[in-house]
Protein chains: 2
Amino acid sequence: MPRTKGDHEARRRDVSEAVWRVLAAHGFGGLTLRAVAAELDATTGLLTHYFPAKRDLVAHALDLLERRTAARPRRPAGKGVSAVRAALLDVLPLTAEATDSNRIWVSSWDTALADPALSGDYARKYAQSRDKLRELVAAAQQLGELPAGDPARIAAGAQSFVLGLVVQALFDPAAFPLHHQVELLDDYLATLASPPSSSGDHVAPA
Amino acid sequence: MPRTKGDHEARRRDVSEAVWRVLAAHGFGGLTLRAVAAELDATTGLLTHYFPAKRDLVAHALDLLERRTAARPRRPAGKGVSAVRAALLDVLPLTAEATDSNRIWVSSWDTALADPALSGDYARKYAQSRDKLRELVAAAQQLGELPAGDPARIAAGAQSFVLGLVVQALFDPAAFPLHHQVELLDDYLATLASPPSSSGDHVAPA
DNA sequence: GCATTTACACAACAAGCGTTACGGTTATGT
DNA sequence: ACATAACCGTAACGCTTGTTGTGTAAATGC
């Protein structure tokens, strides 16, 4: 029984949702034509019509992941450090949707690391994210809320911190409940806000 | 032409090495019986003899990953913050072997996140790693090299930091050369060593 | 020295994968 | 109204996957 109404736009959304559900359930490695088709109560013939080849499905999945992540509801961002905090909080798996998104994201790293082209995409994507963060850091510095220092380096450090926190929270949600994640992030921001220790030459020779 | 000498212990090492090469080359998602067999110039029959089922191969690969990571040459660790720094530096992809190890590690997250049992293993593994780090942090605190504060929280934060740094460095080695990784880590340690800002109530309501 | 077990190669299997060809139904353009 | 295209089910293809069974040469135990 084919679709009687030609709302092919809504159909596309259905397909995307099915892809999303498969990704959330079985990870990026479990993304298969038949799994998506089953989620749609359809056959692989439908999918080959929307995606000529598997790589197009994968590309769509990646695009979907990026757009859904970007379209996630952001908390109201203030100025200065508050804006930095808001941006970092938006990354953490504090809601069910954010958890799904992050889980899919992490699971995609396997595929991405195996493909140099995809690796490049990811490198660019994260660089862009760092750059966005860098602007917020620089703004906070100009407000005097963060000590001086290369904003790019601070941004890279902050991004590292939340990225690692995401991974740990995904694997051990019991050990990283919402308030704990927020606490850890605030600890980090507090140390950032304090001036760096000048005498810090406890550094051992490599 | 079967092995003439009965060094079945050495044979096991050959198998492990082949598994490792496959993992390094094609990631955890590319771990297949035939790929490993090809790396050994053997057939799948050999592998089924060592590993009754695929899950046993996967388990062995995970074990291999853990043991090789643990057996990586550690830099001489001093006392206090220096020991913390050494432990964190040992995680970063600063050598070719560490890069392989980390790449395989990250690529395994896809498989692990899809399997609740494996997820639990990883949760325990990382918890244990945090605990080890917590001891080092507590020791540094007793030496007065780190300000007071829950050592477990500091350890969790530090582990987050290096974990995220590993991921970023893997995807964008050009943007994260060795010295840059060390710089970022030292930045982080410097902020840790400085006393937290007491007036830090720039915090926006969630 | 003979029986048993170990350590493989070889070959085939069913299942799942992406891909392709074909047909029929519905929408679209003229 | 009629030709054309879009949409999608059906079915099969070839390939790869993990798994299994059989055969055989070497190692081992007695």
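Labels below follow one simple rule: chain letters A, B, ... track the order of the sequence lines, proteins then strands, and each chain is numbered from 1.
Atom OH in Tyr50(A) sits about 18 Å away from atom P in dT19(C), given to the nearest Å. The nearest whole Å value for the distance from the CG atom in Leu33(B) to the C1' atom in dT19(D) is 9 Å. What separates NE2 of His49(B) from P of dA25(D) is a distance of 17 Å, to the nearest Å. Between the CG atom of Asp56(B) and the P atom of dT19(D) there is a distance of 8 Å, given to the nearest Å. The separation between Lys54(B) atom NZ and dT16(D) atom C1' is 12 Å, rounded to whole Å. Between the CG atom of Leu47(A) and the C1' atom of dG18(C) there is a distance of 11 Å, given to the nearest Å. Here the P atom of nucleotide dA7(C) and the CZ atom of Arg11(B) are 11 Å apart, to the nearest Å. What separates CG of Leu57(B) from C1' of dG18(D) is a distance of 11 Å, to the nearest Å.
Ring centers of Phe161(A) and Phe161(B): at least 6.0 Å apart, outside the cut-off.
We find that Asp186(B) and Arg85(B) are joined by a salt bridge, their nearest charged nitrogen and carboxylate oxygen being less than 4.0 Å apart.
By the neighbour-count criterion of 12 heavy atoms within 6.0 Å, atom CD of Gln142(B) is sparsely surrounded, having that number or fewer from other residues, nucleotides or ligands.
Using a 4.0 Å heavy-atom criterion, one finds that Leu46(A) contacts the sugar-phosphate atoms exclusively. Base contact: Thr43(B) has a heavy atom under 4.0 Å from a base atom. At the heavy-atom level, Phe51(A) lies nowhere under 4.0 Å from the strands shown.
Classification of the Phe51(B)-His60(B) ring pair by plane angle, with boundaries at 30° and 60°, yields tilted.
Among the nucleotides dT20(D), dG18(C), dA9(C), the one closest to any side-chain atom of Ala42(B) is dA9(C). Listed nucleotides dT19(D), dC17(C), dT19(C) differ in distance to Thr48(A); the shortest reach to its side chain belongs to dT19(C).
Below the 3.5 angstrom threshold, one finds no donor paired with an acceptor across the side chain of Arg34(A) and the base of dG16(C).
Considering only side-chain N and O atoms, Thr32(A) lies under 4.0 angstrom from the phosphate OP1 or OP2 of dG18(C).
Residues Asn102(A) and Val91(A) come closest through the heavy atom pair ND2-O, 2.9 Å.
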